Every structure is written in C-alpha cells, then in structure tokens.
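Single-structure report; data block below.
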Amino acid sequence: MHQVVEAADALDDKDFLAVVRAVVERRPRLSVLLSVVDTAAASLDPTRVEDADADTITDAEEVELPDTVVEVDEIIDVPVVLATDPRIPEPDYTEGGVPTFDRVREKIEGRFGTSIGSSELAHESPAGKSVDEQWDERQKAAKAKLEEIRRSMGK
C-alpha cells in the first residue's frame, strides 16, 4: 500500500486524476467520487469547457485521431451518461433489502418441511429402522422383566 501511495505522489495532478478515474470507473459504488474527479479534472485543464445545457464536458482543442479510424461526414454528439449501478432488489425483498413477510413465511415453511422430511427419512433408512427395532426389542425385554419380577413377588 505504501508503494502505491509513493507512486501516486510522483504523478502530477492531471495524471493522478486519470489514474483515480480509471480505478473508480470499475467500482460502481464509488460513482460519487467519479463526479468529483471529473470536476477536479475540469478545473485543472483550461482547454476543457463545460456545457451547462447538456451537462457534458467537451474538449476545446482538436484531437488527432489514429489512422485506423474511418472518417465520417457527420459526427453524432451524444452526451456521456455515467452508469450508477441501479440496484434491482431481489424478489421478495424491499428496496431497502428487507425481506417481505411472504419471503420470511416461505423460508420458515421450507425449514419446517425440511426438518419433518429429514426425521421421516431417518426412520425409513436402514439405520433408522434398526434403531426402531432395537427400541421395540428393549420395550419387549422390559415388559418381560417386569412380568418376571411381578411373578417372583407372588402377584
């Protein structure tokens, strides 16, 4: 981290803002910072003129294009719109990210159904059946022992 700060310190303001802009463009949650970087870049570069009507920034100087670009007769001027990562709430959640009553109910019913199903499956599995059989054998043995004790006492 320290090396990054030292490298950023070595840059002039225009290059530093270009680096910050490149990093912030990949992080939609920092879109507010992007507008601050654009404003700072406009104040540093006297050749940039801000168009108040279109809310766009245009270059006052002429830019030389590479040879691979095909020239056209008409240039279409389209304002740049920054993506602001519109959050689409998940189904059954409010705009604030809170689950709705239906979502909570479905989750509880799902967990309840899973618990009932798992206990039924446990009794139907070979291990579950053997446990049930062992329980039944112990109950029979207990009743037989109780009858034997009663007989020995004379009842």
Side-chain angles (χ1 to χ4, degrees), residues 1-11 13-45 48 50-59 68-69 72 74-155:
M1 175 90 147
H2 186 63
Q3 293 172 342
V4 172
V5 172
E6 286 179 7
D9 247 357
L11 298 172
D13 291 346
K14 186 176 179 182
D15 291 338
F16 177 76
L17 288 174
V19 168
V20 172
R21 186 176 211 317
V23 170
V24 170
E25 281 178 336
R26 294 181 182 97
R27 299 176 183 216
R29 291 185 178 181
L30 299 178
S31 61
V32 173
L33 182 58
L34 188 61
S35 63
V36 172
V37 168
D38 287 340
T39 303
S43 70
L44 289 177
D45 192 357
R48 292 175 72 87
E50 188 168 336
D51 183 6
D53 294 335
D55 290 333
T56 60
I57 298 175
T58 58
D59 285 335
T68 57
V69 175
V72 292
E74 181 181 333
I75 296 177
I76 301 172
D77 187 19
V78 179
V80 176
V81 179
L82 300 174
T84 57
D85 186 34
R87 293 193 150 210
I88 299 172
E90 294 181 30
D92 300 328
Y93 283 86
T94 64
E95 291 289 329
V98 178
T100 62
F101 178 73
D102 290 336
R103 173 70 176 161
V104 173
R105 185 185 54 202
E106 286 174 7
K107 197 166 193 175
I108 291 170
E109 288 174 352
R111 288 183 179 174
F112 181 71
T114 301
S115 67
I116 289 175
S118 63
S119 66
E120 288 177 1
L121 285 175
H123 287 291
E124 295 299 320
S125 69
K129 286 183 180 179
S130 69
V131 169
D132 286 340
E133 290 169 359
Q134 289 174 1
W135 176 259
D136 291 339
E137 288 175 14
R138 286 185 185 160
Q139 290 289 47
K140 288 178 185 175
K143 285 181 182 179
K145 186 68 172 177
L146 183 60
E147 286 298 319
E148 181 184 331
I149 293 172
R150 285 183 179 158
R151 274 186 260 134
S152 68
M153 291 178 65
K155 290 188 175 181

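Everything numeric in this text was worked out from a predicted model, so none of it was measured.
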Straight-line distance of Thr100 OG1 to Glu106 CD, nearest 0.5 Å: 7.5 Å
task: Drop me the distance from Glu147's CD to Arg151's CZ, to the nearest 0.5 angstrom.
output: 6.0 Å
message: Please check if the number of heavy atoms outside Gln139 that lie under 6.0 Å from its CD is greater than 12.
response: yes
